[in-house]
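Order of the sequence lines fixes the chain letters, A, B, ..., with proteins taken first and strands second; residue numbering starts at 1 for each chain.
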Amino acid sequence: MAYDFVTVKDLLAGGEHYQDKNLKLTGWVRTSRTSKNFGFIELNDGSCFKNLQVVFEDTLSNFEEIDKVSIGSSLEIKVTWIKSLGDKQPFELKVDEISINGFASLDNPIQKKRHSFEFLRTISHLRPRTNTYMATFRVRSIVSFAIHKFFQERGFVYVHTPIITSTDAEGAGEMFRVTTLDMNNLPKDGTGAIDYSQELFGKPSFLTVSGQLAVEAFCFAFRNVYTFGPTFRAENSNTARHANEFWMIEPEIAFADLEDDMRLAQDMMKYILNEVMTQAPDELDFFNKFVDTDLLSRLDNAVNSDFATITYTEAIEYLKKSGHQFEYPVEWGENLQTEHERYITEEIFKKPVFVIDYPKEIKAFYMKLNSDNKTVRAMDLLVPGVGEIIGGSQREENYEVLHQKMLATGIIPEDYEWYQDIRKFGSFPHAGFGLGLERAVMYLTGMKNIRDVIPYPRTPNNILF
RNA sequence: UCCGCGAUAGCUCAAUGGUGGAGCAUUCGGCUGUUAACCGAAGGGUUGCAAGUUCGAGUCCUGCUCGCGGAGCCA
């Protein structure tokens, strides 16, 4: 008899279209329960979050074998779709044949019990088979594609900025060094210093900490552009929201100011929220039930309200007036501490908040100076549960002002000649921001640790796989 | 990197300085509709590593390793 292959996703969506059809399913055992003469297997085939339960009886020729099937085993199941006699579910599958493709060893660490995220991190190669991680990584995929869709629909050009760069200290953090030299036998010059001319590139090179500067040059040609790629920071950060390898999205828009930049950021956030809510409702329900019971109401609230905007100066006033006792003092000119940011977005506004116009001393050299000469056109988007998710600014488009700011902040202008150069040939107002993909996924899922939203996370002391 | 907490069975956790236990998982048996199934039994341990104090250390001291939470750096 011929059996047509069908996915669990299609089967669940297909309804009576499949009535009386002979169907073949393939997938993995999530859990099984058996009695003397029959048993249940919950099969997940990767096509969707939901499992499909099949009932098998001792009429199967290999009932003894299936009765003992282990969690994780891969199966091929031939069934006939029949309309359900009861009213609990619309259909039942009459199992004609089950064959085991690969029997999972009994020491499989994934068992039908709750495991801690800490433990599952030690088995990154197995954890995608669990509900939480299957949901997380499907959301990650949907978010990634939604971001491309958002920008492509608006005519943005996707630019692949380099992963290996020669500019040290792009201003965004410690860098990993890329080298072809023999670390046990480093070539030295006459003075005893390392002879970098013997590097493959003829000089020191590093992994990128941001594609922003490189993509700005393309903004000068294509108007609206974006990068979407891996980013590397060598900081010894030990927090739930920092990783040494992560993915970042950096749009750059032409003839635009900070207000345009914030509008773009808000539109993008709402767009990906909508995409995930429509494409992954089962996953979001799961997160709302088991990971973060406020998730759905928080996401609904974000989609249906305008994000708030306050200046840094106003934020300081809000915090001072709040009467809340902070561990770190609130003072104009100081960086907002994490506790301050969380208080603003979680307690005062209870929704995403843009904080803009920061003191120039605490922000990067390329940000446009305000007319007050004290603050710059910077914006951070703070969201409940995660904190800073986006950092952006209007860029300093004036060649001379940019050059002076580099000198004032200790950046060597010669190292960035090409970056200043683009201002010489037809400069104009432009702006952009960086969105941390993992932080977006954390916000959308309620997952609290960045190590749980990257397939194989790289953090200090952790590069297991 | 700093502060705090922790590391005991495959997993999640108990154990007053005095014979290391439970639940889940695994194995075996029972059970005709379960859905983290249920009931009964069995197996399972160099208590993270090293060195101390003590008649005696999972427990106390010191060092180290790793993990978690918070902070800084930021996305």
If you measure from the [atom1] atom in [N] to the same atom in [M], how many Å do you get, rounded?
{"N": "B/C49", "M": "B/A41", "atom1": "P", "result": "33 Å"}
{"N": "B/G30", "M": "B/C68", "atom1": "C1'", "result": "43 Å"}
{"N": "B/U54", "M": "B/C61", "atom1": "P", "result": "16 Å"}

Do A/Phe349 and A/Tyr318 make the cut of ring centroids closer than 6.0 angstrom?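 Yes, the ring centres sit under 6.0 Å apart.
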Look at the side chain of A/Arg451 and the base of B/C68, then say whether one donor and one acceptor between them are separated by less than 3.5 Å.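 Result: no qualifying N/O pair found.
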Between P on B/G72 and CZ on A/Phe326, what's the gap in Å once rounded to a whole number?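 These atoms are roughly 13 Å apart.
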Would you call A/Tyr312 and A/Trp332 a side-chain contact if the rule is heavy atoms closer than 4.5 Å?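 Side-chain contact under 4.5 Å: yes.
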Counting only side-chain heavy atoms from C-beta out, which of B/C68, B/A75, B/C31 sits nearest to A/Arg233?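 Of B/C68, B/A75, B/C31, B/A75 is nearest to the side chain of A/Arg233.
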Would you write out the dot-bracket form of RNA chain B, 5' to 3', with Watson-Crick and G-U pairs under 3.5 Å, [ ] for crossing pairs, | for pairs to other strands and . for unpaired bases? (((((((..((((....[..)))).(((((.......))))).....(((.(..]....).))))))))))....
Using a heavy-atom cut-off of 4.0 Å across all strands, would you classify [X] as base, sugar-phosphate, or nothing?
{"X": "A/Asn51", "value": "nothing"}
{"X": "A/Ile450", "value": "base"}
{"X": "A/Lys68", "value": "sugar-phosphate"}

Please encode protein proximity along nucleotides 6-11 of chain B as a string of B, S and -, counting only heavy-atom distances under 4.0 Å. ----BB
